[in-house]
Amino acid sequence: MDNPMQTHGAASWIQHSGKDPAAARKFYESVVGWHVADMPMKDGSSYAGIMVGEGPIGGFMPHPVPEGGWTIYITVDDVDARYQSALDNGGESVEGPADFPGVGRMATIRDPFGASIALITYESMQG
């Protein structure tokens, strides 16, 4: 199977956000049986990574937010071009393209039908 973090168009990461990240982590550990490991980040913080097999498939946003939900990240070849294409085709900006050191470049869009999705080009894909 191709690596979804290297494959344009593949769903490559899921992230939970909500009012109580620690409680959400415990809930999903119990309900789904996920093993969640604290992954060190470049800034010295840690990120609760959802582990399946040997590697992470997603995680829990460490900071509480008022509206909870899951974000799906889709790997793309060029975040800026794909973000602009979304806007040109009737989508809306939720968060414009930005770099996240140690991860990659991301943007979040809302499609004309009300659903949001995140676009990402991982640092490992950038030349």
If you look only at pairs with a residue in residues 60-77, which of them pass as a salt bridge (charged side-chain N to carboxylate O under 4.0 Å, His left out), with sequence neighbours excluded?
Asp77-Arg82
Does anything in residues 9-25 pair up under salt bridge (charged side-chain N to carboxylate O under 4.0 Å, His left out), and if so which pairs, sequence neighbours excluded?
Arg25-Glu29, Arg25-Asp38
So does Arg110 get a backbone contact from the side chain of Ser116, meaning a donor-acceptor N/O pair under 3.5 Å?
no
The criterion is ring-ring contact (aromatic ring centres under 6.0 Å, His included); which residues satisfy it with Tyr28, sequence neighbours excluded?
His16, Trp34, Trp70
Among residues at least two apart in sequence or on other chains, which ones pass side-chain hydrogen bond (donor to acceptor under 3.5 Å, both in side chains) with Asp80?
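For Asp80 the side-chain hydrogen bond (donor to acceptor under 3.5 Å, both in side chains) partners, ignoring immediate neighbours, are Arg105.
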Same cluster (ILVMFWY, side-chain, under 4.5 Å), [X] and [Y]:
X	Y	result
Ile117	Leu87	yes
Val52	Phe60	yes
Met51	Val32	no

Step by step, would you call Ile57 with Ile50 a side-chain contact (heavy atoms from CB on, under 4.5 Å)?
CA-CA 6 Å; Ile57 62 155; Ile50 300 164; 3.8 Å; yes
Return the minimal non-hydrogen interatomic distance between [X] and [Y], and the atom names on each side.
X	Y	result
Pro112	Gly90	CG-O, 3.5 Å
Pro4	Ala11	CB-O, 3.4 Å
Ser85	Asn89	O-ND2, 2.7 Å

Of the options Val76, Ile74, Val103, Thr108, which is the one that meets Ile120 in a side chain to side chain contact (heavy atoms under 4.5 Å, CB included)?
Val103
Once you round to the nearest 0.5 Å, how far does OG1 of Thr121 lie from CE of Met5?
13.0 Å
Hey, could you give me the CG/CE distance between Leu119 and Met106, rounded to the nearest 0.5 Å?
11.0 Å
By side-chain contact (heavy atoms from CB on, under 4.5 Å), which residues pair with Tyr47, not counting sequence neighbours?
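For Tyr47 the side-chain contact (heavy atoms from CB on, under 4.5 Å) partners, ignoring immediate neighbours, are Trp13, Gln15, Met39, Met41, Pro62.
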Listed partners of Pro64 passing side-chain contact (heavy atoms from CB on, under 4.5 Å), at least two apart:
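Only Pro21 meet the side-chain contact (heavy atoms from CB on, under 4.5 Å) criterion with Pro64.
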